[in-house]
Each structure stands twice: as structure tokens, then as C-alpha cells.
A.B. asks: 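After the C-alpha cells below, expect a handful of questions from me.
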Amino acid sequence: APGGRQDDILHVSCIDALDEPVGALWISAYVPQEAGRDGGEEAAPKEVCGLALPPPKPGTLRLSYWKMSFAIAPVWREA
């Protein structure tokens with residue numbers, strides 16, 4: 001519902017790719033997923049990196065899919 005409360009858990013990955021062709025820091029935040037057992041469907045994991053995940057708080061929802069990725073590149077040139 002619009003204006004509802006969310007209790008999301010996000011996994012954040014960062015890569016220093018400054019010395020790579022992209023020349024940037026790469027960051028991605030996303031809902032953790034694990035492969036399900038029935039036909040490869042994605043399922044919400046019960047743990048991430050060995051940490052048990054709590055269920056959503058009562059009266060809230062937890063997103064099953066969300067992802068944001070971006071690169072941060074320097075604006076200056078090396079001499």
C-alpha cells in the first residue's frame with residue numbers, strides 16, 4: 001500500500017575498479033536471493049554470509065526483488 005512500511009534487508013557489493021577499463025568504484029545494493037529448489041526460482045534466503053535473517057516485522061513488507069548499481073568515477077585526470 002502507498003505509504004506503507006518496509007523492513008528490507010539489502011546486500012551491498014563494492015568493487016575497486018579504478019585500475020580497470022571502467023576506471024571507477026562500482027557499487028551495487030540488492031535484495032539477497034538464493035536459488036530455490038523447484039525449477040530454479042529465486043527464494044528469500046534464511047541467512048546471508050552466515051547471519052540468520054529475521055522475518056519482517058509485523059505490519060511491514062519486505063521486497064523480494066530490488067537492485068541499484070552505479071559507478072563512481074573520478075572527474076580529474078592523472079598527470
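When reading the values below, keep in mind they use all heavy atoms of this one structure, side chains included, and skip hydrogens, waters and symmetry mates. All values derive from a computational prediction rather than experimental measurement.
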A.B. asks: Determine the minimum heavy-atom distance between K67 and S28, stating which atoms define it.
C.D. replies: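 Of all heavy-atom pairs spanning K67 and S28, the closest is CG-OG, 4.1 Å.
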A.B. asks: Quick one: closest heavy-atom pair of G23 and A73, and the distance?
C.D. replies: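 For G23 and A73, the tightest heavy-atom pair comes out as O-CB, 3.8 Å.
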A.B. asks: Are any non-hydrogen side-chain atoms of V31 and Q33 less than 4.5 angstrom apart?
C.D. replies: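 Counting from C-beta outward, V31 and Q33 do come under 4.5 Å.
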A.B. asks: Do I15 and I72 belong to the same hydrophobic cluster, where Ile, Leu, Val, Met, Phe, Trp and Tyr are linked whenever their side-chain heavy atoms lie under 4.5 Å apart, directly or via other members?
C.D. replies: no
A.B. asks: Of all heavy-atom pairs between C49 and H11, which one has the smallest distance, and what is that distance?
C.D. replies: SG-CE1, 3.8 Å
A.B. asks: Are any non-hydrogen side-chain atoms of Y30 and S69 less than 4.5 angstrom apart?
C.D. replies: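 They are not in contact (no side-chain heavy atoms under 4.5 Å apart), so the answer is no.
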A.B. asks: Check for me, please, whether W26 and V22 land in the same ILVMFWY cluster - side-chain distances under 4.5 Å, paths through other members count.
C.D. replies: no
A.B. asks: Between the main-chain N or O of T60 and the side-chain N or O of D7, is there a donor-acceptor pair closer than 3.5 Å?
C.D. replies: no
A.B. asks: Do I27 and M68 belong together in a cluster built from hydrophobic side chains that touch within less than 4.5 Å?
C.D. replies: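 Yes, it is one cluster - the side chains of I27 and M68 are joined through contacts under 4.5 Å.
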A.B. asks: Should L25 and F70 be counted in the same cluster of Ile, Leu, Val, Met, Phe, Trp and Tyr side chains packed under 4.5 Å apart?
C.D. replies: yes
